[in-house]
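Every chain is numbered from 1 and lettered A, B, ... according to where its sequence line falls, protein lines coming before strand lines. None of these values were measured; they are calculated from a predicted model.
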2 protein chains.
Amino acid sequence: MKESRAVRESSADSTGVLAASSPIPVRSSAPFADGRALRPSTKVLPEHARGHNRSLVLQTLYTAGQQSRADVARGTGLTRVTVSDLVTELMAEGLVIETGQREGTRPGKPATLLDIDRGAFQIVGMDLSQYSVFRGAVLDLDGKILSRAEIPLAGSIGADAVEKVLTLTERLVELSTAPILGIGIGSPGVVDLSGVVLTAPNLGWTDVHLRQMLAERFGAPIVVANDANAAVLAEHSFGDANGDMMLVKVGHGVGAGLLLGGTPLFGSHFAAGEIGHVVVGTDGGAECSCGKFGCLETWLATPRLDAKLELTTTPTEARMVLREAGQRLGIALAPVVGALNLAEIVLSGPPELLDGPLIEATLETLRNRTMAEFHGDLALRLTTLGDDIVLRGAAVMVISAQLGVS
Amino acid sequence: MKESRAVRESSADSTGVLAASSPIPVRSSAPFADGRALRPSTKVLPEHARGHNRSLVLQTLYTAGQQSRADVARGTGLTRVTVSDLVTELMAEGLVIETGQREGTRPGKPATLLDIDRGAFQIVGMDLSQYSVFRGAVLDLDGKILSRAEIPLAGSIGADAVEKVLTLTERLVELSTAPILGIGIGSPGVVDLSGVVLTAPNLGWTDVHLRQMLAERFGAPIVVANDANAAVLAEHSFGDANGDMMLVKVGHGVGAGLLLGGTPLFGSHFAAGEIGHVVVGTDGGAECSCGKFGCLETWLATPRLDAKLELTTTPTEARMVLREAGQRLGIALAPVVGALNLAEIVLSGPPELLDGPLIEATLETLRNRTMAEFHGDLALRLTTLGDDIVLRGAAVMVISAQLGVS
DNA sequence: GACCGAGTTGGTAAGCTCAACTAACAAACA
DNA sequence: TGTTTGTTAGTTGAGCTTACCAACTCGGTC
């Protein structure tokens with residue numbers, strides 16, 4: 001029989017009363033502080049561990065780039081031997097290449113530098129969340145946009161709209177100049193984890209098996225997710241955010257994506273982030289398309305804002321309109337900030353509307369309505385990724401799904 | 001060299017255009033849909049996998065109880081051999097025992113039943129969130145309370161209050177009749193992951209290293225967390241909730257704990273759930289101790305509610321007071337429900353206040369202010385765990401930390 | 001200035017350990 | 001005889017340690 005593992009793991013000295021009276025022969029297998037899931041649900045085999053370590057090596061090369069095997073070993077905590085083995089595997093798959101020897105003069109054998117072969121694969125990303133057009137692009141592994149294509153919606157809904165997605169995908173695939181790693185799609189509405197668009201009112205979609213349809217047509221991995229969820233991934237990967245963040249996407253509708261502990265939040269019915277139809281404030285508001293009064297969208301959606309701005313005659317009036325919209329956003333977000341203790345909120349949408357009075361008013365309102373000591377360092381800013389945020393987020397989803405990297 | 005892993009993992013048929021033109025030699029190592037963390041951060045060794053599987057076996061026995069090795073193997077997906085090995089280890093540690101043979105008549109060798117040795121260890125749990133008293137209990141592994149102790153706070157704050165915690169702990173340890181698995185504490189205020197109470201205004205605590213102090217005095221594993229976070233764990237373990245949930249704790253203050261995807265949310269600065277000082281509504285409100293007007297606590301905290309009820313003369317008036325409080329809670333929670341797409345909200349606090357008009361008004365308000373199609377099946381209810389919820393949550397933290405089970 | 005040994009760093013090869021697996025089998029039942 | 005349980009024996013896979021060679025710098029020596 002094996003030696004018992006009856007070893008105390010507590011870091012305390014053995015002077016306490018318990019030490020004398022009651023041995024505690026249990027090792028900590030899932031420290032609470034680690035934030036690990038509470039209930040283990042599936043078995044783990046050594047090969048799963050290998051997959052994880054493989055991604056770890058890939059991740060290190062992806063973010064740092066141009067490193068030797070020894071560098072990667074130091075960075076990951078794995079041994080040089082193990083890293084060599086994993087790298088051999090990754091090179092055989094064409095994902096990693098040797099890029100020559102390290103410059104500069106130092107003792108020891110010169111290092112052979114490695115990097116992800118950033119030209120080896122390309123990604124197709126699509127944004128279905130625009131009002132009148134489906135936009136798509138071919139991107140490289142770094143998320144750089146190599147070529148673009150778009151297709152006007154021209155009022156298409158239902159199956160017609162699906163057909164346009166397929167057409168656009170085909171066009172993008174033809175534009176690609178390297179093997180396609182996968183196809184990522186950011187769709188409006190509620191999307192489940194298997195790539196079914198459960199509901200997308202603007203497109204007239206209900207239970208559209210988008211992922212399956214694309215997979216049947218194109219023999220490539222497909223990832224479909226909500227547009228705001230895609231956007232928050234883009235912001236996470238290409239921005240410099242670290243903590244828990246929320247991305248609020250303002251357009252014809254208003255939606256949000258949440259990234260908590262580095263993991264996207266989908267919600268119990270995949271409808272997380274659907275804040276557009278939450279009523280804001282206790283003093284009425286305009287009637288919303290959903291039938292309620294004073295939904296966030298009635299305050300913030302771009303058509304409504306544009307209409308209100310049309311009616312203004314002076315810059316001061318326009319400023320007040322924008323400030324009010326910002327305040328309403330702050331009112332809606334305050335409880336969320338309080339409940340989640342967010343580090344960062346990013347806005348995505350037309351900068352001419354969002355930047356300036358609106359975002360300033362939102363931040364003021366948030367500060368006035370939450371505890372400064374918890375949320376004083378909350379950052380609120382506009383995305384730097386502009387209109388391509390969903391596209392690029394869709395690419396991140398593919399990279400993440402296929403390589404375990406982001 | 002090893003065989004290349006250039007195997008297509010897409011489930012699509014090989015008829016798509018990509019199948020012909022561009023092989024996609026990448027396996028999915030971290031499927032997006034799995035909800036796994038985006039960026040792998042630490043290496044994983046085989047022994048980590050073993051720890052996981054060990055917890056998996058323990059979890060199966062913990063929840064199902066009275067199972068044979070073969071049952072566990074079927075339940076977990078591990079082989080009988082592996083389960084046998086793990087069980088041998090767990091029995092050597094005294095965590096698992098054989099409880100005899102299975103009754104009933106069926107073909108084959110009779111099964112030897114196993115179970116967690118539910119009397120092998122006891123847990124000390126404490127609730128520091130009550131207004132005038134520290135309460136504690138000794139619990140068994142099932143979370144059943146075996147004995148209780150409490151110590152009046154008598155206005156103690158700061159170091160005096162810490163001393164009372166130590167005294168109460170000592171008393172509880174003496175009350176225990178089996179080895180102590182660990183000591184769990186639910187404290188008010190903001191608690192970081194290493195068990196430091198960063199701030200707890202009511203107790204006059206700032207940066208109190210509670211875990212460390214207890215660990216030095218008692219040679220046992222200590223877990224300290226926010227009271228509402230502990231409570232939500234209790235509700236998760238002993239209630240029958242499944243999806244993402246939020247527990248709102250109403251007392252002298254108002255706080256919340258969130259459990260998303262089975263994992264507690266701590267927030268970027270460990271202040272998740274601190275919703276008591278979020279301003280509710282846009283029509284003023286009473287002045288709060290924090291200086292703002294109309295914080296959730298001014299509407300909902302029990303002293304305020306009691307005071308308002310004192311002023312009422314008729315049941316109808318009292319009812320209106322409670323309904324207003326409920327509405328305010330609904331107003332505050334609506335954006336959170338929208339953003340997180342919660343499955344369940346549980347209230348903890350005095351039933352005579354919360355149950356009835358208040359909770360009804362909260363649910364009505366939530367329904368009126370969010371999209372029914374996303375949140376129509378949102379459950380809102382009172383906890384069934386009563387006053388012991390934090391105590392029992394503290395025990396769950398210990399069990400989770402030490403055994404990886406809950 | 002050329003040379004040579006010592007020290008340093010990078011990468012690989014051989015063999016070990018651990019953990020889960022498959023295959024096979026004995027025990028105990030209908 | 002067939003079924004189910006649990007164990008024994010041996011295999012596979014993954015990362016580890018140990019040991020080694022390769023290729024460089026540095027500093028002393030001829």
Side-chain angles (χ1 to χ4, degrees), chain A residues 1-3 5 27 29 40 42-57 61 66-92 96-114, chain B residues 1-3 5 27 29 40 42-57 61 66-92 96-114:
Chain A
M1 201 186 74
K2 280 188 201 163
E3 188 188 3
R5 296 214 191 203
R27 64 169 177 165
S29 58
T42 49
K43 65 174 173 176
V44 169
L45 303 178
E47 62 223 64
H48 298 138
R50 177 139 179 120
H52 180 101
N53 288 336
R54 197 187 95 112
S55 286
L56 185 58
V57 169
L61 289 173
Q66 294 287 90
Q67 291 204 301
S68 70
R69 292 168 175 80
D71 292 333
V72 173
R74 280 187 291 266
T76 58
L78 298 164
T79 61
R80 295 203 307 271
V81 179
T82 303
V83 170
S84 266
D85 190 38
L86 287 166
V87 165
T88 309
E89 181 183 314
L90 291 167
M91 286 176 63
V96 167
I97 47 173
E98 294 188 337
T99 61
Q101 296 204 334
R102 167 139 41 209
E103 302 290 312
T105 163
R106 35 179 226 177
K109 175 177 169 177
T112 317
L113 293 175
L114 305 169
Chain B
M1 198 188 75
K2 280 187 201 164
E3 187 190 4
R5 296 214 190 204
R27 64 168 179 168
S29 56
T42 49
K43 65 174 174 175
V44 169
L45 304 179
E47 62 224 62
H48 297 137
R50 176 136 179 124
H52 181 99
N53 289 336
R54 197 188 95 112
S55 286
L56 185 58
V57 169
L61 288 174
Q66 293 290 87
Q67 291 203 301
S68 70
R69 292 168 176 80
D71 293 333
V72 174
R74 280 186 292 267
T76 59
L78 297 163
T79 62
R80 293 202 308 270
V81 179
T82 303
V83 170
S84 267
D85 190 37
L86 287 166
V87 165
T88 308
E89 182 182 313
L90 291 167
M91 285 175 64
V96 167
I97 47 172
E98 295 187 338
T99 60
Q101 295 204 336
R102 172 171 285 150
E103 302 292 311
T105 163
R106 30 178 233 177
K109 173 178 171 179
T112 317
L113 293 175
L114 304 169

Q: For residues Val87(A) and Val72(A), determine if any side-chain heavy atom of one lies less than 4.5 Å from a side-chain heavy atom of the other.
A: no
Between [N] and [X], is there an OP1 or OP2 to side-chain N/O distance shorter than 4.0 Å?
| X | N | result |
| --- | --- | --- |
| Ser68(A) | dG11(C) | yes |
| Asn53(A) | dG15(D) | yes |
| Thr82(A) | dC16(D) | yes |
| Arg74(A) | dG10(C) | yes |
| Arg50(A) | dA20(C) | no |
| Lys109(B) | dC25(C) | no |
| Thr112(A) | dG11(C) | yes |

Q. If you round to the nearest 0.5 Å, how far is CZ of Arg102(B) from CD of Gln67(B)?
A. 7.5 Å
Q.
Let me confirm one number: the OG1-CG distance from Thr42(A) to Leu78(B), rounded to the nearest 0.5 Å.
A. 10.0 Å
Q. Between Leu78(A) and Arg69(B), which is nearer to the 5' end of DNA chain D once each is assigned its nearest nucleotide?
A. Arg69(B)
Taking [atom1] from [X] and [atom2] from [N], how many angstroms apart are they, rounded to a whole number?
| X | N | atom1 | atom2 | result |
| --- | --- | --- | --- | --- |
| Leu45(A) | dA19(C) | CG | P | 14 Å |
| Arg102(A) | dA22(D) | CZ | P | 22 Å |
| Gln67(A) | dG10(C) | CD | P | 11 Å |
| His48(A) | dT12(D) | NE2 | P | 19 Å |
| Glu103(A) | dC24(D) | CD | C1' | 14 Å |
| Leu114(B) | dG6(D) | CG | C1' | 11 Å |
| Met91(A) | dG11(C) | CE | P | 11 Å |
| Glu89(B) | dC18(C) | CD | C1' | 12 Å |

Q: Assign each of Val81(A) and Pro46(A) to its nearest nucleotide of DNA chain C by heavy atoms, then name whichever residue's nucleotide is nearer the 5' end.
A: Val81(A)
Side chain of [X] only, please: which of [options] is the nearest?
| X | options | value |
| --- | --- | --- |
| Ala70(A) | dT25(D), dG11(C), dT5(D) | dG11(C) |
| Arg80(B) | dG6(D), dA14(D), dT12(C) | dG6(D) |
| Thr79(A) | dC16(D), dC21(C), dG2(D) | dC16(D) |

Q: Answer with yes or no whether the side chains of Asp85(A) and Thr82(A) bring together a donor and an acceptor at under 3.5 Å.
A: no
Q | side-chain contact (heavy atoms from CB on, under 4.5 Å), paired with Leu56(B), selected from Val83(B), Leu61(B), Thr76(B) | A | Thr76(B)
